[in-house]
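One structure is given here, and the rest of the page talks about it.
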Amino acid sequence: MNDRIPAGPITLSIAAVERDTGLSKDTLRVWERRYGFPMPQRDGTGERAYTLDQVEKLRLIKRLMEAGHRPGRIVTLAFAELQLLSDQIAEP
């Protein structure tokens, strides 16, 4: 008999996302309210839990911001649109 409980998707805490992306916890919370992204799940204790897809998008947003894009113009874009912008930056 298998006593294992099916695992849900891998998630990261807000502190882990801050370390991984370089975006502060305050920034993440403000974007959540202002732009509706990221919209983390909540773990059993009510703490924010970010999916790996959200973290990947946040990394891309951070890279674009470092290239001069403003968060208000890019945070709500789809991942594919962000990737196109990023590809344009990478081209010589």
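What you are looking at is a predicted structure, and each value in this text was computed from that prediction instead of being measured. What you see below is based on every heavy atom in this structure, not just the backbone, and it leaves out hydrogens, waters and symmetry mates.
Of all non-hydrogen atoms in G22 and K62, the two that sit nearest each other are O-NZ, 3.7 Å. Of all the heavy atoms in E18 and S24, the pair that sits closest is OE2-CA, 3.5 Å. Of all heavy-atom pairs spanning P71 and W31, the tightest one is CB-CZ2, 3.6 Å.
In this structure, CG in D87 is found 11.0 Å from CG in L82, a value given to the nearest 0.5 Å. The distance from atom CZ of R42 to atom CZ of R48, rounded to the nearest 0.5 Å, is 4.5 Å. Taken from CE in M65 to CG in L60, the straight-line distance is 12.0 Å, to the nearest 0.5 Å.
A search for salt bridge (charged side-chain N to carboxylate O under 4.0 Å, His left out) contacts involving D43 returns nothing, not counting sequence neighbours.
Exactly one residue among T21, I74, L85 makes a side-chain contact (heavy atoms from CB on, under 4.5 Å) with I61. That residue is I74.
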Side chain to side chain contact (heavy atoms under 4.5 Å, CB included) evaluation trace for L12 with T51:
CA-CA 7 Å; L12 297 175; T51 64; over 6 Å; no

- Query: Going through the checks in order, is the side chain to side chain contact (heavy atoms under 4.5 Å, CB included) test met by L23 and L58?
  - Reply: CA-CA 8 Å; L23 296 166; L58 288 166; 3.9 Å; yes

- [ ] Walk me through it: do R63 and S86 pass the test side chain to side chain contact (heavy atoms under 4.5 Å, CB included)?
- [x] CA-CA 8 Å; R63 191 173 327 130; S86 180; 3.3 Å; yes

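Linking ILVMFWY side-chain heavy atoms closer than 4.5 Å, directly or via other members, places I10 and L28 in a single hydrophobic cluster. In this structure, V55 is a member of the same hydrophobic cluster as Y35, with clusters built from ILVMFWY side-chain heavy atoms closer than 4.5 Å.
Within the 4.5 Å cutoff, the side chain of H69 has no heavy atoms near those of the R73 side chain. E56 places a side-chain heavy atom less than 4.5 Å from the side chain of F79. I14 places a side-chain heavy atom less than 4.5 Å from the side chain of R29.
Of the possible polar contacts, one joining the K57 side chain to the L77 backbone as a donor-acceptor pair under 3.5 Å is found. Checking side-chain atoms of E32 against main-chain N and O of F37 turns up no donor-acceptor pair under 3.5 Å.
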